[in-house]
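What follows is a short report on a single structure.
Naming: A, B, ... by sequence-line order, numbering from 1 per chain. Atom set for the values below is all heavy atoms of this structure, side chains included, hydrogens, waters and symmetry mates excluded. Note that the structure is predicted; figures quoted are calculated from it, not measured.
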2 protein chains.
Amino acid sequence: MAATETVANSPYLHLFRRYLRQHGLPVTLQREIVADVVFSSTEHLSVEEIEAELKKRGERIGKATIYRTMEILVRSGLVADHDFGDGFKRYEHLFGQQRGHQHLVCTNCRNVVEFRRPEIQRIQDEVARAHGFLPARHKLEVYGLCPDCRAAGVELKYEGLACPALTL
Amino acid sequence: MAATETVANSPYLHLFRRYLRQHGLPVTLQREIVADVVFSSTEHLSVEEIEAELKKRGERIGKATIYRTMEILVRSGLVADHDFGDGFKRYEHLFGQQRGHQHLVCTNCRNVVEFRRPEIQRIQDEVARAHGFLPARHKLEVYGLCPDCRAAGVELKYEGLACPALTL
DNA sequence: GCCCTAACGATAATGATTCTTGATTCCCGG
DNA sequence: CCGGGAATCAAGAATCATTATCGTTAGGGC
């Protein structure tokens with residue numbers, strides 16, 4: 001391999017290395033590079049996008065290794081995975097994020113914006129308690145049309161029954 | 001075919017028939033039977049469970065037809081689909097449900113309980129407006145351990161980094 | 001540096017969902 | 001009620017994301 005020594009340099013990588021060591025998992029170059037791609041992006045990346053970024057960097061890392069590394073990153077708590085209804089998962093690192101943030105997803109362009117409503121945590125705990133559950137986490141997603149798509153003239157269309165209020 | 005005439009008899013089937021007619025789609029026996037299975041259950045059914053119920057009724061309806069019918073039912077607004085992280089979708093009819101109800105999912109036994117917090121609708125609208133979005137719908141899921149699993153001694157375990165508060 | 005173990009990459013397998021095909025059913029007008 | 005064109009059906013092949021397999025290669029404790 002050529003110039004692979006300074007590839008992974010995001011400021012949080014040491015946390016991932018610590019996690020790997022604490023759990024007896026080898027700290028491999030591939031894992032560091034994959035983690036660096038995720039840590040260096042502010043987007044919600046799909047595995048395909050991670051793969052593309054690796055290719056752009058000139059790295060030749062197998063897709064299976066990406067999946068395996070994402071699994072470890074999610075377990076470590078450094079990364080969260082999401083399914084926004086696209087048929088595949090997206091990943092985001094949790095640095096610089098407020099705990100318990102939520103997502104606003106454009107139903108047209110699939111762009112994702114984050115927001116934070118602290119009361120959701122309280123609602124989670126109240127609801128869980130009311131039903132005897134021990135709360136672990138929650139997921140709130142709001143779907144709608146983003147400003148760009150609205151400006152472009154895209155419209156929300158409801159093609160269901162004309163009078164849903166009667167039936168619900 | 002033998003005794004297929006009174007198979008589909010749930011009280012809301014006429015709404016589905018109306019939707020099909022309004023959209024120029026043929027009202028077929030298979031669609032009625034599949035809809036009847038979903039309308040007759042209070043559970044959150046997977047396609048596999050729907051298939052099993054059809055087999056139990058002695059119906060021989062292809063899996064592709066189930067998928068196509070579910071697609072129409074969701075578009076009609078009579079049924080909602082959910083992905084609770086099982087790797088496949090679950091479907092529930094919306095009769096007798098309050099508009100905008102949410103779900104509490106057991107992380108151990110995957111059982112699903114419904115709840116309703118009307119303020120979520122307000123939060124949806126406020127958040128969307130604050131970001132220039134036109135709100136369409138939302139999805140709130142709370143994950144945790146249900147009373148049965150708690151009583152059985154199951155525990156939530158966090159195997160991530162020891163001190164996540166520092167990193168988040 | 002050595003060696004054992006575990007990760008790597010390539011590829012095959014899996015599981016949920018969608019598409020294709022030829023046969024059947026629906027539905028509209030007569 | 002009958003006929004015919006269009007759309008749906010069942011079965012299975014194809015697809016897509018993800019996971020497992022396997023021979024090879026690389027971490028890391030000694």
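Taking 4.0 Å as the cut-off between side-chain N and carboxylate O, B/Lys55 and B/Glu59 do not count as a salt-bridged pair. A salt bridge links B/Glu119 with B/Arg117: at least one charged nitrogen is closer than 4.0 Å to a carboxylate oxygen. Remark: A/Glu126 does not engage A/Arg129 in a salt bridge, criterion side-chain N to carboxylate O under 4.0 Å.
Here B/Arg60 pairs with nothing under the side chain to side chain donor-acceptor pair (under 3.5 Å) rule; sequence neighbours left out. Every side-chain contact (heavy atoms from CB on, under 4.5 Å) that A/Gln30 has, sequence neighbours left out, goes to A/Thr28, A/Ile61, A/Thr65. Residues passing the side-chain contact (heavy atoms from CB on, under 4.5 Å) test with B/Glu49 are B/Leu45, B/Ser46, B/Arg90, sequence neighbours excluded. Applying the side chain to side chain donor-acceptor pair (under 3.5 Å) rule to A/Ser76 yields no partners; only residues at least two apart in sequence or on another chain are considered. Residues satisfying the side chain to side chain donor-acceptor pair (under 3.5 Å) test with B/His82, not counting sequence neighbours, are B/Glu92. In terms of the side chain to side chain donor-acceptor pair (under 3.5 Å) criterion, A/Arg116 has no residue partners (sequence neighbours excluded). Checked against side-chain contact (heavy atoms from CB on, under 4.5 Å), B/Glu51 has the following partners two or more places apart in sequence or in another chain: B/Lys63, B/Ile66.
The side chain of A/Tyr67 contributes an N or O atom lying less than 4.0 Å from OP1 or OP2 of D/dT18.
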When you compare the protein's N or O atoms with those of nucleotides 6-9 of chain D, which come within less than 3.5 Å of each other, and at what distance?
from  : atom 1 : to      : atom 2 : distance (Å)
D/dT8 : OP1    : B/Arg31 : NH2    : 3.3
D/dC9 : OP1    : B/Thr28 : OG1    : 2.8
D/dC9 : O3'    : B/Gln30 : NE2    : 3.0

Report each atom pair, protein N/O against N/O of nucleotides 28-30 of chain C, whose distance is under 3.5 angstrom.
none

Which pairs, protein N/O on one side and nucleotides 2-4 of chain C N/O on the other, fall under 3.5 Å?
none

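Going from atom CZ of A/Arg17 over to atom P of D/dG27 covers 13 Å, rounded to whole Å.
Neither side chain, A/Glu114 nor B/His131, offers a donor N or O lying under 3.5 Å from an acceptor on the other.
End-to-end axis angle for the helix from C/dG1-D/dC30 to C/dG30-D/dC1, using five pairs per end and rounding to 10°, comes out at 40°.
Nearest heavy atom pair, residue A/Ser10 against residue A/Asp36, reads N-OD1, 2.8 Å.
For residues 142-158 of chain B, no pair satisfies salt bridge (charged side-chain N to carboxylate O under 4.0 Å, His left out), with sequence neighbours left out.
Within the 4.0 angstrom heavy-atom criterion, only backbone atoms of the sugar-phosphate kind lie near A/Phe88; the bases stay farther away.
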